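We count ligands from 1, going down the list as the structure has it; atoms in each ligand are counted the same way. Worth saying up front: this structure is predicted, and the values here are computed from it rather than measured.
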Amino acid sequence: MSFIPYGRQDISEADIQTVVEVLRSDFLTQGPAVPAFEEAVSHYCGAKHAIAVNSATSALHIACLALGVGEGDIVWTSPITFVASANCALYCGASVDFVDIDSRTYNLSVDQLQIKLEQARQKNCLPKVVIPVHLCGQPCEMEQIHQLSQEYGFRIIEDASHAIGGKYQGQPIGNGLYSDITIFSFHPVKIITTAEGGMTLTNNTALAERMMLLRSHGITRDTKQMTHEPDGAWYYQQIDLGFNYRMTDMQAALGLSQMQRLDNFVQRRHELAQHYDELLAHLPITLPWQHPDSHSGLHLYVIRLQLDVIKLTHREVFDALRQQGIGVNLHYIPVHTQPYYQAIGFKQGTFPQAERYYQEAISLPMFSSMTNEQQEYVCSTLTAILSK
Ligand SMILES: *Cc1c(COP(=O)(O)O)cnc(C)c1O
């Protein structure tokens with residue numbers, strides 16, 4: 001059996017053809033594919049606006065800026081996430097803090113959020129923005145988080161990098177019912193890909209316009225946004241300080257083609273998850289728990305080792321799987337324990353659920369083109385390792 005990665009892209013001949021067509025066309029970037037991809041995603045999710053960018057990291061950055069995050073502000077997120085969910089606040093000159101995870105979903109805990117908000121209100125240091133992360137594709141408890149946002153006056157960015165194609169209370173992730181902005185990632189390991197790429201979705205037209213400006217240098221060609229009449233047909237104005245965060249047409253064409261298979265991808269991931277649930281049920285591990293309100297995008301399938309019953313250490317189980325050609329991974333190292341975050345004052349031991357999760361979690365291979373044979377090999381190998 002050749003090496004099985006934990007995740008990988010699923011590229012069809014049609015995907016390849018569509019990118020080749022862009023290469024033969026007039027526009028490699030800033031052509032028709034980007035708005036077509038944006039339209040496909042906003043339509044699928046039921047959001048008014050979608051803005052394609054060159055990564056989810058860029059999406060998080062302009063989402064924070066659009067919500068006015070700046071110096072003196074505080075942004076909260078989960079410690080169990082990719083570093084980008086926290087870094088985006090620091091890019092804006094704001095400070096960041098974390099809310100410990102729920103022991104069943106591994107998402108930011110609503111109970112912990114409420115406790116921390118109450119303490120912050122008393123100390124007059126409430127967050128401006130909270131970024132719930134839909135870990136593994138499982139939606140956070142957005143209705144409750146939204147309720148708290150009303151009570152404590154913060155805005156919400158959903159980091160849905162793992163969750164395109166997932167549903168919360170039967171509605172697509174990205175519809176913005178319980179948040180200001182949702183962001184997606186299209187990195188190759190995620191559910192659909194554009195190689196590098198990301199998107200922000202919102203129902204708020206002012207936020208969408210701001211993010212569109214920030215994506216491309218703060219430049220506008222819309223006369224309504226200008227300070228005076230155009231000097232001529234060449235004219236544009238820079239009215240804000242933006243970036244070059246644009247997605248290319250080659251990437252957008254790939255994304256548009258991938259969108260046609262999104263539901264199939266998620267369905268296959270659910271088949272694989274169900275199969276894992278059955279094949280691994282007898283082992284001393286905790287399988288992923290699905291919240292009844294959520295239909296996960298299933299970017300990841302994370303197991304937790306019951307180390308009090310297993311003779312091997314977490315590291316030994318992980319290494320044994322890697323030695324057998326299984327590309328297990330760990331999502332994620334708690335962000336507050338990263339050297340950079342330690343250097344800015346975070347302490348080990350602050351978020352005990354997150355730290356315990358890190359000592360037990362392993363992401364098993366999960367990708368739509370994974371075969372049943374590959375999956376059976378993963379399960380029999382893990383079974384053999386744990387029965388040592
Ligand atoms: C992948 C990921 C990101 C960053 O995505 P890029 O597109 O690589 O910038 C941010 N947040 C989470 C939770 C992710 O998994």
Side-chain angles (χ1 to χ4, degrees), residues 5-9 37-38 41 50-65 75-92 96 98-99 101-102 105-108 129-140 142 156-166 173-174 179 181-201 211 214-215 243-248 251-252 254-255 258 269 294 296-302 329-336 338 340-341 354 357-358 361 363 366-367:
Y6 85 84
R8 68 161 286 147
Q9 68 276 16
F37 180 38
E38 290 172 338
V41 177
I51 296 123
V53 287
N54 59 0
S55 72
T57 304
S58 306
L60 285 162
H61 185 194
I62 61 172
C64 284
L65 288 174
V75 173
W76 289 0
T77 188
S78 168
I80 298 297
T81 185
F82 185 56
V83 292
S85 319
N87 289 346
C88 57
L90 304 182
Y91 296 158
C92 302
V96 78
F98 303 94
V99 179
I101 61 168
D102 180 282
T105 63
Y106 319 146
N107 281 329
L108 173 153
V129 172
V130 173
I131 307 181
V133 180
H134 304 321
L135 191 76
C136 306
Q138 164 146 262
C140 295
M142 291 310 300
I156 301 173
I157 301 170
E158 292 174 65
D159 184 342
S161 292
H162 300 181
I164 192 169
I173 291 297
S179 65
I181 298 171
T182 301
I183 70 101
F184 292 134
S185 172
F186 307 127
H187 182 277
V189 295
K190 307 288 163 74
I191 292 169
I192 63 165
T193 190
T194 62
E196 297 284 356
M199 198 173 275
T200 74
L201 283 84
M211 291 191 287
L214 292 167
R215 159 173 75 175
F243 310 90
N244 181 350
Y245 282 171
R246 294 186 307 259
M247 176 180 279
T248 68
Q251 292 170 300
L254 177 56
Q258 291 255 305
R269 286 170 180 274
S294 80
S296 179
L298 269 168
H299 165 52
L300 299 172
Y301 188 90
V302 172
N329 218 314
L330 209 173
H331 300 90
Y332 290 92
I333 305 160
V335 178
H336 70 284
Q338 293 287 357
Y340 183 85
Y341 281 86
Y357 166 92
Y358 177 58
S363 304
M366 167 59 80
F367 49 96

Output block, N or O contacts of ligand 1, threshold 3.5 Å exclusive:
| residue | atom | partner | partner atom | Å |
| --- | --- | --- | --- | --- |
| ligand 1 | 5 (O) | Ser185 | OG | 3.3 |
| ligand 1 | 7 (O) | Ala56 | N | 2.9 |
| ligand 1 | 7 (O) | Ser185 | OG | 2.8 |
| ligand 1 | 9 (O) | Ala56 | N | 3.3 |
| ligand 1 | 9 (O) | Thr57 | N | 2.9 |
| ligand 1 | 9 (O) | Thr57 | OG1 | 2.5 |
| ligand 1 | 11 (N) | Asp159 | OD2 | 2.8 |
| ligand 1 | 11 (N) | Ser161 | OG | 3.3 |
| ligand 1 | 15 (O) | His162 | NE2 | 2.7 |
| ligand 1 | 15 (O) | Lys190 | NZ | 3.0 |
| ligand 1 | 15 (O) | Tyr332 | OH | 3.0 |

message = Are the side chains of Thr194 and Gln258 in contact, using a 4.5 Å heavy-atom criterion?
response = no

Any donor-acceptor pair under 3.5 Å from His134 side chain to Cys140 backbone: yes

Is there a donor-acceptor pair closer than 3.5 Å between any side-chain N or O of His162 and the backbone N or O of Cys136?
yes

Without hydrogens or angle criteria, can the side chains of Ser296 and Gln138 be said to hold a donor-acceptor pair below 3.5 Å? no

Residues at least two apart in sequence or cross-chain that pass side chain to side chain contact (heavy atoms under 4.5 Å, CB included) with Ala252, listed by chain then number, are Ala33, Val34, Phe37, Met247

(request) Compare all side-chain heavy atoms of Phe184 with those of Leu201 and state whether any distance is below 4.5 angstrom. (result) yes

